[in-house]
Number of protein chains: 2
Amino acid sequence: MAEPLTPVTLADVAQVAGVSKMTVSNVINNKPSMSNETRQRVQRALEATGYVVNPAARALAGRRSNLIGVLTPRVNWPFVTEVLHGASVAAEAAGLNLGIFTTANNPTLERERATLLRTLADGVLLVAPSADEEHIFGQAVPVVTLGAHGQRSIQVDNHTGAAIATRHLLGLGHRRIAHLRGKHSHILDAAQREAGFLATMQAAGQAVPPEYLQDGEFSEEGGERAARVLLTLPEPPTAIFAANDRSAIGALRAAHALGLRVPQDLSLVGFDDIHATSVTDPPLTTVRQPLEKMGETAARLLIDLIRGTEPAQSHVIFPATLVTRASTAPPRADRGSS
Amino acid sequence: MAEPLTPVTLADVAQVAGVSKMTVSNVINNKPSMSNETRQRVQRALEATGYVVNPAARALAGRRSNLIGVLTPRVNWPFVTEVLHGASVAAEAAGLNLGIFTTANNPTLERERATLLRTLADGVLLVAPSADEEHIFGQAVPVVTLGAHGQRSIQVDNHTGAAIATRHLLGLGHRRIAHLRGKHSHILDAAQREAGFLATMQAAGQAVPPEYLQDGEFSEEGGERAARVLLTLPEPPTAIFAANDRSAIGALRAAHALGLRVPQDLSLVGFDDIHATSVTDPPLTTVRQPLEKMGETAARLLIDLIRGTEPAQSHVIFPATLVTRASTAPPRADRGSS
DNA sequence: TTGTACGCGTTATCAA
DNA sequence: TTGATAACGCGTACAA
């Protein structure tokens, strides 16, 4: 089993087995019409030579590459990694490889990597894209989006999730509730969460002053910055609903820095239920989306598309649920009165 | 700029520009010898047709694919994502694509994805491999390992890092110090950290009873399980040094569950300085390795290898530093006396 | 400076 | 059931 210096090709195997290249190819791809005897002879030759397919050649010849391409801004966002883990599992189960490519939200990189995947992958999974990138792929390859974009997408019920979080805070007695929103221009999910928040506040007859909407940028740094602004307002909020957990953790940091206790002085709700929310001080109340499961579902949908099985639905919306931890409590009497 | 139904090839561009395929190819690859006029004509044709290279064909023809392949067990380990972020940055700077492939520590997947990368990538980065996987690639493609394996590797000074952590605890007055180790059989780094711990204890004249070495498996669950064993011992340790932050966070969980306060009842030191350590309750004292920088360095080393520049060193060892947070303190007088 | 011929390893097509 | 041949899109080597 020593490594051959020059890669073994179909032709080599064919020669060893005393058959043609096509026969070997047919064995590898499990073509049905074939005598058992030759099949076994080829199998032996395959093992003896240590043959491995050349994916480049396979892709060029027009057959599938057995590769699912993932396009995502960054891999060090917990949201992304948890989704990807789910997708990996599904891909493995289907015998497909999963290759992850980052775009850093850089349009040039997006285009470049997209064109790479266009010819290299059998299907593409867009995870948390900053815009509708589906069009880049045209008809060349099936695409599934994880997020609120695109023709085929997996997403959570953002509007209801935001409503649940907001009602939770209202139910505790909060009236001065602020929102750390995500970036509108880029991510549709952010807009849906904000809309859910505003609709719920309005339905409860609570006005939301404009300065109670701050941009947390979906990041810890952004959340910290925005929360500082909110908490140093003349009339600061008694509760904050953040558009994701990372910005909520930033807000937590800001509260600590300003000497505010959570939840006594400030209630805090996040969104996503990433793993870190259970180890923060205090553990964060948040709106859970089943990230791994969503990743798995997205990958399976894509695999169906690749296999030519038109899937039943092209938009799957997962329900959002509230996970109540220790970061929310009724407002203090002296601050809660508006 | 409408999407063509059939991909544009070199030949198409050549026809539009009124030149041969090779001229187009030469323009794309910035070959020097070429008249400015034809170069511009080809450029225009390139833009007009919306041509993009076919990486499969390029790889098959023997030229480089401009792809760095990364092989790693999982992407939802903070250690891995922080390293990968650094590597991404370096790859982008060099104009290379970075594709990440997971192995789930499954030998079959490892082999399969390795053979895929062998023909698909210009170079391979092994991040936290569970064993020496370099040999799979033979001479086919340059390989750099992030971790304590392989011919070319980037790693942290595990032995000294463990010694620093241990001395920190000894300096605070702890004598009963336990260690949550990683998996020996798989990861060399784990063995080096344990050796550093034991050597330091021995140098200080402190015996380490065998039950003070528990396997934390580098995971949160494993750390929690192992810490429970330690903390329910007849003579429990007053301090724990964990082989990585994830198992330290598990230990933190176990301590809370058992009603122990950190650091009053138990001091805790981790390893890695992943992002989460700064938001836990209490924030974790840990041994920092500069993960992003290490990822960046590894990628750059690999890029040098790909470009044919033999790099100055083939083993880079980064220093480890102690980050003191709130999880360590002197032992309580009534428990500290051995 | 530009063009021609060929090969990379695989699959599709069609004939035997 | 098997095999010969022609693509797939690009780069290298050489010739013009």
Side-chain angles (χ1 to χ4, degrees), chain A residues 4-43 45-46 49-67 115-116 118-122 140-141, chain B residues 4-43 45-46 49-67 115-116 118-122 140-141:
Chain A
L5 281 87
T6 159
V8 183
T9 72
L10 271 188
D12 300 328
V13 181
Q15 192 173 10
V16 170
V19 296
S20 81
K21 293 193 302 180
M22 273 323 297
T23 307
V24 180
S25 174
N26 287 335
V27 170
I28 290 170
N29 295 298
N30 286 316
K31 287 291 187 303
S33 50
M34 181 152 308
S35 88
N36 253 329
E37 195 223 339
T38 52
R39 184 184 296 268
Q40 292 192 359
R41 194 145 46 101
V42 171
Q43 286 287 8
L46 243 23
T49 53
Y51 170 85
V52 291
V53 296
N54 181 329
R58 178 176 272 181
L60 183 58
R63 219 189 163 298
R64 51 184 41 165
S65 59
N66 285 336
L67 177 67
T115 56
L116 188 147
R118 230 175 110 112
T119 52
L120 211 59
D122 293 337
V141 74
Chain B
L5 280 87
T6 158
V8 184
T9 72
L10 271 187
D12 300 329
V13 180
Q15 192 173 11
V16 170
V19 295
S20 81
K21 291 195 307 180
M22 276 324 298
T23 306
V24 180
S25 174
N26 287 334
V27 170
I28 291 171
N29 296 298
N30 284 316
K31 287 290 187 303
S33 51
M34 181 151 308
S35 85
N36 253 328
E37 197 224 338
T38 52
R39 183 184 296 270
Q40 294 193 359
R41 194 144 45 102
V42 171
Q43 286 288 8
L46 243 22
T49 53
Y51 170 84
V52 291
V53 296
N54 180 329
R58 178 176 271 183
L60 185 58
R63 218 186 163 302
R64 51 185 39 165
S65 59
N66 285 336
L67 177 66
T115 55
L116 189 146
R118 230 173 108 112
T119 52
L120 212 58
D122 294 337
V141 73

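Every chain is numbered from 1, with letters handed out A, B, ... down the list of sequences.
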Length of the CG-C1' vector between B/Leu120 and C/dG9, whole Å: 13 Å
Rounded interatomic separation in angstrom, taking CD from A/Gln40 and C1' from D/dT2: 17 Å
Distance below 4.0 Å between B/Ser35 side-chain N/O and C/dT2 OP1 or OP2: yes
N/O (side chain, A/Ser33) to phosphate O (OP1/OP2, D/dT2) under 4.0 Å: no
Contact under 4.0 Å: B/Thr23 side-chain N or O vs C/dT2 OP1/OP2: no
A/Asn29 side chain near A/Arg58 side chain, heavy-atom distance below 4.5 Å: yes
Side-chain (B/Asn54) to main-chain (B/Ala56) donor-acceptor, under 3.5 angstrom: yes
Helix axis bend for the helix from C/dT1-D/dA16 to C/dA16-D/dT1 - C1'-based end axes, five pairs, 10° rounding: 40°
A/Gln43 and A/Val24, any side-chain heavy atoms less than 4.5 Å apart: no
Close side-chain approach of A/Val42 and A/Arg39, heavy atoms under 4.5 Å: no
Atom pair distance, as rounded to whole Å: CE in A/Met34 and C1' in D/dG3: 11 Å
A/Arg58 vs C/dG9: side-chain N/O to OP1/OP2 distance below 4.0 Å: no
Sugar-phosphate only, base, or nothing, as touched by B/Leu10 at under 4.0 Å among non-hydrogen atoms: sugar-phosphate
pair A/Thr9-A/Lys21: side-chain heavy atoms closer than 4.5 Å: no
Separation of C/dA12 C1' from A/Lys31 NZ (nearest whole Å): 9 Å
Phosphate OP1/OP2 of C/dT2 contacted by B/Thr38 side-chain N/O (<4.0 Å): yes
Spacing of B/Ile28 atom CD1 relative to D/dG9 atom P, expressed in whole Å: 14 Å
Touch class at under 4.0 angstrom, heavy-atom based, for B/Asn26 against every strand present: nothing
pair A/Val141-A/Thr119: side-chain heavy atoms closer than 4.5 Å: no
Minimum side-chain heavy-atom gap A/Leu10-A/Ile28 below 4.5 Å: yes
Side chain proximity check, B/Leu67 to B/Pro55, heavy atoms < 4.5 angstrom: no
Nearest-angstrom distance from the residue atom CG of B/Asn29 to P of D/dA13: 14 Å
Between C1' of D/dG3 and CZ of A/Arg41, the distance in whole Å: 14 Å
d(CG, A/Leu67; C1', C/dT10) in whole Å: 17 Å
By side-chain contact (heavy atoms from CB on, under 4.5 Å) - contacts of A/Thr38 (at least two apart): A/Met34, A/Ser35, A/Arg41
Pairs under 3.5 Å (N/O, protein and nucleotides 4-8 of chain D):
from: D/dC8; atom 1: O2; to: A/Leu60; atom 2: O; distance (Å): 3.3
from: D/dC8; atom 1: O2; to: A/Ala61; atom 2: N; distance (Å): 3.4

Short side-chain to backbone donor-acceptor contact, A/Thr49 and A/Ala45, under 3.5 Å: yes
